[in-house]
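If you read the sequence from its start, that first residue is 1, and numbering goes on from there.
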Amino acid sequence: MIPMELVYLLAAIGLGVLVYRYFTGHGGLQISKAALGDLPAQGEIDVRGHPVRWSSADDGSFAAIWPLANDHVASIRVLFTAGGEDAEEDRDQGHLELAVDRRRMAKDVTWTDQIRDRSLRADVEAVLKALAREAKGARRDARRVAAAKPVGGKREPGE
């Protein structure tokens, strides 16, 4: 028969592992090039009733700006850089810098759960999700255009 002390010890270890994973796990969005890297060069979308404008570079990095409810302006800049020894893993990882009215609120954010202000974090996540949808639509449109076949041949006017 198994002693009850051993059962309690195993239950405590299991509960400790679960609590540790709960408090140290990522609860936000990962900033990844796979989701956000194919944004059109410039654009504007409406997120939660606020216009979000963005501008992206050829390497996939981008900057976005939007007004907050309290007449302040929030901006994010996302850079995708590969480097170091973990180049395979870091190639897709983006680093976000968040500012409100030119005051830096967060730097080198790789997951949105690293943003301490919950309302600001929710705004950033909503903007990133909307930008991911725009990037997905741009990829889909690019594939559609690449797969399109030319219609008709060259004809002279009046034929």
Side-chain angles (χ1 to χ4, degrees), residues 13-152:
I13 289 172
L15 184 61
V17 167
L18 288 175
V19 169
Y20 175 78
R21 288 191 63 194
Y22 176 77
F23 285 112
T24 61
H26 292 292
L29 295 175
Q30 182 182 19
I31 315 298
S32 71
K33 189 172 184 176
L36 298 164
D38 294 325
L39 278 172
Q42 292 182 349
E44 183 175 337
I45 55 173
D46 191 47
V47 177
R48 293 184 177 178
H50 297 289
V52 176
R53 295 176 38 190
W54 79 86
S55 176
S56 67
D58 291 336
D59 63 351
S61 60
F62 65 91
I65 188 168
W66 68 95
L68 296 173
N70 55 4
D71 294 331
H72 293 287
V73 176
S75 64
I76 58 172
R77 186 174 63 169
V78 176
L79 300 172
F80 297 102
T81 57
E85 299 155 1
D86 299 329
E88 284 293 318
E89 295 175 9
D90 281 346
R91 187 177 317 139
D92 190 45
Q93 184 64 53
H95 298 274
L96 181 137
E97 182 177 317
L98 171 66
V100 174
D101 287 338
R102 296 186 183 178
R103 193 177 97 214
R104 185 182 302 162
M105 302 297 286
K107 184 179 179 184
D108 287 335
V109 173
T110 56
W111 286 79
T112 57
D113 64 347
Q114 295 170 336
I115 300 172
R116 296 188 187 272
D117 185 339
R118 287 186 181 197
S119 64
L120 199 53
R121 173 186 169 189
D123 285 345
V124 169
E125 286 178 352
V127 167
L128 289 176
K129 285 178 184 177
L131 291 177
R133 282 192 304 271
E134 290 293 318
K136 184 178 179 181
R139 279 192 301 272
R140 186 175 46 240
D141 291 345
R143 267 186 266 134
R144 192 176 307 142
V145 168
K149 296 179 182 175
V151 178

Would a 4.5 Å heavy-atom cut-off, applied to side chains only, mark D117 and V100 as touching?
-> no
Check: V109 and H95 side chains under 4.5 Å, non-hydrogen atoms = no
Keeping the roles fixed (side chain from D101, backbone from R103), state whether a donor-acceptor pair exists under 3.5 Å.
-> no
Does R104 have any side chain to side chain contact (heavy atoms under 4.5 Å, CB included) partners at least two apart in sequence or in another chain, and if so, which?
-> E97, K107
Identify, with sequence neighbours excluded, every residue that meets side chain to side chain donor-acceptor pair (under 3.5 Å) alongside Q30.
-> Q93
Hey, what do you get for CD (Q114) to CG (D108), rounding to the nearest 0.5 Å?
-> 9.0 Å
Among pairs that include at least one residue of residues 129-138, which meet side-chain hydrogen bond (donor to acceptor under 3.5 Å, both in side chains), considering only residues two or more places apart or in two chains?
-> none
T110 versus I31: any side-chain heavy-atom pair under 4.5 Å?
-> no
Set of residues satisfying side chain to side chain contact (heavy atoms under 4.5 Å, CB included) with respect to A41, sequence neighbours excluded | none
Is there side-chain contact between L131 and V78, with heavy atoms separated by less than 4.5 Å?
-> no
Value for CD1 (I115) from CG (L98), rounded to nearest 0.5 Å, stands at 5.0 Å
Sequence neighbours left out, cut at 3.5 Å: what donor-acceptor pairs do the side chains of residues 61-71 make with other protein atoms?
{"residue": "S61", "atom": "OG", "partner": "D59", "partner atom": "OD1", "Å": "2.7"}

Please list, one pair per line, the donor and acceptor atoms closer than 3.5 Å that link side chains of residues 48-56 to other protein atoms, with sequence neighbours excluded.
{"residue": "R48", "atom": "NH1", "partner": "D123", "partner atom": "OD1", "Å": "3.2"}
{"residue": "W54", "atom": "NE1", "partner": "P40", "partner atom": "O", "Å": "3.0"}
{"residue": "S56", "atom": "OG", "partner": "L39", "partner atom": "O", "Å": "3.3"}
{"residue": "S56", "atom": "OG", "partner": "P40", "partner atom": "O", "Å": "2.8"}

If you take all heavy atoms of A130 and I45, which pair is closest and at what distance?
-> CB-CD1, 3.4 Å
State, to 0.1 Å, how close E125 and T112 come at their nearest heavy-atom pair, and which atoms those are.
-> OE2-OG1, 2.6 Å
